[in-house]
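Structure, as structure tokens:
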Amino acid sequence: MTPFRSLLALCLSATALAALPAARPAQAADPGMLHIFNWTDYTSPDMLKKFTKETGIKVTLDTYDSNETLLAKLKAGTTGYDIVVPSSDFVKIFVSQGLLQNADVASMANFKNLEERWKTRAWDPQAEYTVPWQWGTTSFIYDTKVYPGPVDSLETLFKPPAVFKGQVGMFGSPSEVINLALIYLGKPVCNSNPPDLKEVNALLEAQKPFVKVYNSDGIEDRMASGETTMHEVWSGDGERARVQRPTLKYVYAKEGGIGWMDNLAIPVGAPDVENAKKFMNFMMDPENAALESDFAGYQNAVVGSNKFLKPQLASAPEFNPPADYKITFAPGCPPAATKDYDRIWTLLRK
Ligand code: SPD
């Protein structure tokens, strides 16, 4: 981990999800403050400093590990957060449960800076609730020193060679693990077809002896230190791990992978909606979006940001999927599929 990132990790360890109170106490608007709740290792300290310098608004940051965790927190009641960052496949679930505010994003001054293809998105067709944050792909990374390969299939992750016994990391949330398993099996994602889910169940149970940990946090450290030698991963976290351990390789599998976009949104009950909107608008500026991409390792949706990127990221393989790579953007799973996923997950984690 670079000194820059270890500093952030140090700050975040104090706010790791396990140590979080169930919710920040509900509070009146705290003038000059913005409370952000975002995924772990996903918020550029330089970008936050610039935001505070330009607006005078101070920022607090707490972190979480999955959409499921964020959903549970928001459902439990007012959290005291002004900004949360749900993924594309969860935005509609949050909106349908009345957990997000309409922020009229399309009317914001910097909205014009978004790439045309991201101005409206399937999960927010009128650009009301969300601003694109970062997008990337989900696949896996492995250490070529441990297993020379070649590797071109998700089979290596789900039916690992013997050398990976007890060495594999998988994400810690049902939607992320089961949707990728369905891609490997050539089945539709968000699937509640019993025979398909039976196959998924068998696949994951057979993979289990190879799995050391189901955890979406700490992947970069585990892979950089060699604690795990293969891991399900998001592309940017894979890039960050590979920079530290150059023998790691992110796989663009022949079966394809999952695509997603994480999105800034304002939860119902946010203490300071105006500060939240200022932050949303700030993130649609090319230089600010590039600062964030440089830190996290993912693409953003802002035209003109690429010229501000570090060359190391701009040319990274994890940042540049091959043109013919099949990327499936998962839709929000219907309640029936979510229930089935939870059942498979509970059995797996016993
Ligand atoms: N380091 C955190 C990266 C967060 C990525 N979110 C991806 C969600 C995909 N469902």
Side-chain angles (χ1 to χ4, degrees), residues 1-2 4-6 8-9 11-13 15-17 36-45 47 61-71 83-94 121-123 130 132-141 169-183 189-190 214-224 231-244 250 256-265 292-301 313 316 318-319 321 327-333 337-338 341 345:
M1 190 182 279
T2 61
F4 177 62
R5 278 182 175 146
S6 36
L8 181 77
C11 298
L12 292 185
S13 67
T15 57
L17 188 63
I36 299 179
F37 194 31
N38 195 0
W39 298 72
T40 316
D41 296 332
Y42 209 28
T43 315
S44 158
M47 177 276 294
L61 173 65
D62 288 332
T63 63
Y64 55 87
D65 62 349
S66 69
N67 285 297
E68 285 88 342
T69 303
L70 174 62
L71 186 60
I83 287 282
V84 294
V85 194
S87 302
S88 38
D89 52 336
F90 272 70
V91 167
K92 281 196 166 170
I93 298 174
F94 281 83
R121 287 143 278 139
W123 48 95
T130 61
W133 170 254
Q134 300 266 278
W135 70 269
T137 57
T138 298
S139 180
F140 70 100
I141 192 166
M170 294 296 287
F171 286 142
S173 75
S175 58
E176 305 259 25
V177 170
I178 295 174
N179 277 341
L180 195 63
L182 285 163
I183 297 264
V189 295
C190 286
Y214 294 91
N215 188 349
S216 305
D217 276 344
I219 298 171
E220 181 184 346
D221 286 348
R222 276 196 293 283
M223 286 304 293
H231 217 301
E232 185 180 15
V233 76
W234 305 295
S235 47
D237 287 55
E239 184 265 339
R240 294 165 53 144
R242 195 252 312 146
V243 166
Q244 294 184 63
Y250 184 76
I258 308 264
W260 47 266
M261 173 178 276
D262 293 329
N263 308 265
L264 300 176
E292 175 50 36
S293 287
D294 269 340
F295 174 78
Y298 297 95
Q299 302 271 1
N300 61 70
L313 179 65
E318 302 84 356
F319 191 77
I327 303 179
T328 302
F329 268 75
C333 290
T338 304
Y341 281 24
W345 189 250

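Everything numeric in this text was worked out from a predicted model, so none of it was measured. Basis for what follows: all heavy atoms, side chains included, without hydrogens, waters or symmetry-related copies. Just so you know, ligand 1 is whichever comes first in the structure, and atom 1 is the first atom listed for that ligand.
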* Can you find a pair of side-chain heavy atoms, one from Glu239 and one from Tyr298, that are under 4.5 Å apart? -> no
* Asked: Under the side-chain contact (heavy atoms from CB on, under 4.5 Å) test, which residues partner Ile36, sequence neighbours left out?
  -> Leu34, Asn38, Leu48, Val59, Leu61, Ile83, Phe279
* Of the options Asn263, Asn67, Asp262, which is the one that meets Val91 in a side-chain contact (heavy atoms from CB on, under 4.5 Å)? -> Asn263
* Just jot down the ring-ring contact (aromatic ring centres under 6.0 Å, His included) partners of Phe171, sequence neighbours excluded, or say none. => Trp234
* Using the ring of Phe295 (Phe, Tyr or Trp, six-membered ring only), decide whether Arg240 places NZ or CZ under 6.0 Å from its centre and within 45 degrees of its axis. => yes
* Structure fact -> Applying salt bridge (Lys or Arg N to Asp or Glu O under 4.0 Å) to Glu318 and not counting sequence neighbours gives Arg242
* Asked: With hydrogens left out, which residues have an atom under 4.0 Å from ligand 1, given that only heavy atoms count?
  -> Trp39, Thr40, Asp41, Tyr42, Ser87, Glu176, Trp234, Asp237, Trp260, Asp262, Tyr298
